[in-house]
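Keep in mind that this is a model prediction, so the values were computed, not measured.
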Amino acid sequence: MTKTAMLPARLVILISGNGSNLQAIIDHIESGELNAEISMVISDKKNACGITRAREQSIAAQIVEPETGETREQYDHRLVEIIDDAGCDYIILAGFMRILSDMFVNRYKGYLLNIHPSLLPGYKGLNTHQRVLDAGEKIHGASVHFVTPDLDSGPVIMQAIIDILPHDTPETLADRVLEREHSLYSRVLSMCINSEVKLSNDDIIVDGQKINKPLILESE
Ligand code: GRF
């Protein structure tokens, strides 16, 4: 998992669905804002729109569906083979809806990123938009974090924050959070690729200094 300076970082992007975060990363690469190339897009679902997006843009894409009776580790070993063959500096989880084994997470620790639609550590898991509304929260957002074996619990690098408006529904919140995710993920990726951010033990180091709370994405 090492990268020669100046060469584009090689990304493997794991998805299960729409792939709008994948599309945003493609767009940021094409605009020159992200010094990266996508070596492979992998989906665990055969109908994922993200696979079509990748193929339309001539990016290698593979569907890796779980097989009957296969354990989580066996599935993840198949992923490891594909990822290592493709060549990879960072693995980007972008709406990948499977829980990964400790074997997988520990193998790529420090190079495995996820985006989650809440201000972690609040609202881990699913249905975050409904849950923040039910709780009467005033703000909401998204977090990009290094992945560790505990679900949605790895050190958070950066968050994008939005205000919750009086008439928000889960759908309107989802739209506004997703829009911010698209800038957030590429911003964090760019910092990782430029060696401005790294994971050391379980600490996030930004420009050589440990941070004690997540960075906040500037408003647009
Ligand atoms: C995003 O909300 C992301 O935070 C979550 O899954 C969703 C993926 O959306 N992990 P898309 O497939 O990138 O449009």
Excluding sequence neighbours, so at least two apart, what forms side chain to side chain donor-acceptor pair (under 3.5 Å) with S153? K124

Can you list every salt bridge (Lys or Arg N to Asp or Glu O under 4.0 Å) pair that touches residues 155-170, not counting sequence neighbours? D168-R176

Assess, by modelled atom type and distance only, whether the side chains of N114 and Y185 contain a donor and an acceptor separated by less than 3.5 Å. no

side-chain contact (heavy atoms from CB on, under 4.5 Å) partners for A61, two or more places apart: V41, I51, A54, R55

Using the ring pair (Phe, Tyr, Trp, His ring centres under 6.0 Å) criterion, which residues pair with H140? Sequence neighbours excluded. H129

Can you list, by chain and residue number, the hydrophobic cluster partners of I139 when the side-chain cut-off is 4.5 Å? L119, I161, I216

Sort and list the pairs that fulfil salt bridge (Lys or Arg N to Asp or Glu O under 4.0 Å) and have at least one residue in residues 196-209, not counting sequence neighbours. K109-D202, D203-K210

How is the hydrophobic cluster of I164 composed, in terms of its other members, when Ile, Leu, Val, Met, Phe, Trp and Tyr link through side-chain heavy atoms under 4.5 Å apart, directly or indirectly? Y123, V132, L133, I162, L173, V177

For F146, enumerate each residue passing the ring pair (Phe, Tyr, Trp, His ring centres under 6.0 Å) test, keeping only those at least two apart in sequence or located in another chain. none

Residue pairs passing the side chain to side chain donor-acceptor pair (under 3.5 Å) test with at least one member in residues 95-105, sequence neighbours excluded, are D76-S101

Report the hydrophobic cluster partners of V156, with the cluster defined as I, L, V, M, F, W, Y residues connected by side-chain heavy atoms closer than 4.5 angstrom, directly or transitively. L120

Just grab all the side chain to side chain donor-acceptor pair (under 3.5 Å) pairs involving residues 58-73, residues at least two apart or on different chains. E70-R78, T71-Q74

Quick one: salt bridge (Lys or Arg N to Asp or Glu O under 4.0 Å) pairs with a partner in residues 15-37, sequence neighbours left out? none

